[in-house]
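Have a look at the structure below, then the notes.
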Amino acid sequence: MSCVLIAQGRVGKIQQRSLNNGTSVLDFSVASRTGFKDKEGNYKTEWTEFEAWGKHGEALFKVIHVGDIVSVMADKVSNKFTDKEGKTRYFTSYRVSRLDVLSFKKSPADKASNNAPAEAETGEKVDAPPVIEFPKDDIPF
């Protein structure tokens with residue numbers, strides 16, 4: 001049995017690194033708000049750190065950008081190591097098993113380019129990827 005975390009929010013920092021054995025690891029954070037307001041009526045922002053390993057991380061590095069709204073499903077991974085003083089240290093990470101980009105953040109260059117999203121007849125910008133609807137016969141459950 002595993003512990004799974006599902007988070008939705010905006011991408012914060014993104015960092016790609018390589019381990020000594022050549023394995024690529026993508027580290028990124030996602031900001032999401034809590035369900036409760038503080039005394040001033042503001043929501044608290046929670047930052048969660050994620051990692052994606054190997055080809056999965058390399059592919060995500062090409063797709064996600066700071067400010068994108070994403071939905072992430074990740075497995076909780078607990079590890080331990082011995083530090084330089086001989087003390088055992090524990091840390092928890094969340095290893096990405098699925099990531100969906102819900103909305104791409106628009107940059108000024110994107111808005112001016114020909115690759116800008118199409119405008120609906122009302123003049124409204126289309127932010128999110130299209131929703132694909134399947135006929136009820138094709139649903140496997």
Side-chain angles (χ1 to χ4, degrees), residues 1-120 122-141:
M1 191 174 288
S2 65
C3 180
V4 176
L5 170 72
I6 299 173
Q8 184 176 347
R10 290 200 181 269
V11 176
K13 74 165 182 72
I14 303 171
Q15 177 184 349
Q16 191 174 32
R17 60 187 165 98
S18 256
L19 302 180
N20 292 340
N21 65 3
T23 302
S24 176
V25 180
L26 177 67
D27 297 309
F28 65 97
S29 59
V30 173
S32 52
R33 70 176 194 192
T34 62
F36 304 102
K37 292 182 181 181
D38 60 15
K39 293 178 183 177
E40 289 81 34
N42 300 316
Y43 289 98
K44 180 181 174 189
T45 301
E46 290 286 332
W47 287 93
T48 307
E49 301 290 327
F50 294 95
E51 58 185 30
W53 289 64
K55 301 279 184 197
H56 191 197
E58 292 170 11
L60 288 178
F61 184 69
K62 295 175 185 176
V63 174
I64 63 172
H65 306 89
V66 172
D68 290 349
I69 299 174
V70 297
S71 176
V72 185
M73 181 183 296
D75 296 312
K76 181 180 176 182
V77 179
S78 298
N79 294 297
K80 67 179 179 177
F81 69 96
T82 305
D83 67 11
K84 293 178 183 177
E85 289 129 20
K87 294 181 182 177
T88 301
R89 303 282 184 175
Y90 298 90
F91 67 96
T92 300
S93 60
Y94 294 98
R95 192 163 297 168
V96 176
S97 56
R98 179 184 174 125
L99 182 137
D100 295 314
V101 178
L102 304 177
S103 178
F104 291 100
K105 181 178 180 184
K106 307 288 186 288
S107 71
D110 290 339
K111 291 178 183 175
S113 76
N114 292 336
N115 295 333
E119 292 187 19
T122 61
E124 184 177 310
K125 294 273 184 191
V126 178
D127 278 345
V131 175
I132 301 170
E133 294 189 30
F134 296 98
K136 294 186 190 239
D137 302 354
D138 290 347
I139 299 176
F141 47 88

Heavy atoms, side chains only, cut-off 4.5 Å: are Leu5 and Lys76 in contact? no
Heavy-atom side-chain proximity of Phe50 to Val11 below 4.5 angstrom: no
Less than 4.5 Å apart, side chain to side chain, heavy atoms only: is that true for Phe28 and Leu99? yes
How about Phe91: does its CZ atom have over 12 heavy atoms from other parts shown lying under 6.0 Å from it? yes
Point-to-point distance, once rounded to the nearest 0.5 Å, from OG of Ser32 to OH of Tyr43: 13.0 Å
What pair of heavy atoms forms the shortest contact from Thr23 to Gly54, and how long is it? CG2-N, 4.3 Å
For the side chain of Asp68 and the backbone of Lys105, is there at least one donor-acceptor N/O pair under 3.5 Å apart? yes
What is the distance from atom OG1 of Thr34 to atom NZ of Lys44, rounded to the nearest 0.5 Å? 7.0 Å
Here the gap from His56 atom NE2 to Phe61 atom CZ, rounded to the nearest 0.5 Å, amounts to 14.5 Å
Selection residues 3-17 - residue pairs positive for salt bridge (Lys or Arg N to Asp or Glu O under 4.0 Å), sequence neighbours left out: Lys13-Glu49, Arg17-Asp27
Contact summary for Ser78 and Thr92, nearest pair of heavy atoms: OG-OG1, 3.8 Å
All heavy atoms of Leu26 vs all of Gly57, minimum pair found to be CD2-O, 3.6 Å
Atom CG of Asn20: over 12 foreign heavy atoms under 6.0 Å: no
Not counting sequence neighbours, list each pair that qualifies as a salt bridge (Lys or Arg N to Asp or Glu O under 4.0 Å) and has a residue in residues 50-65. Glu51-Arg95
Under a plain distance cut-off of 3.5 Å, with no hydrogens placed, do Gln16 and Ser24 share a side-chain donor-acceptor pair? yes
Do you know the tightest heavy-atom contact between Gly12 and Val66? O-CG2, 2.9 Å
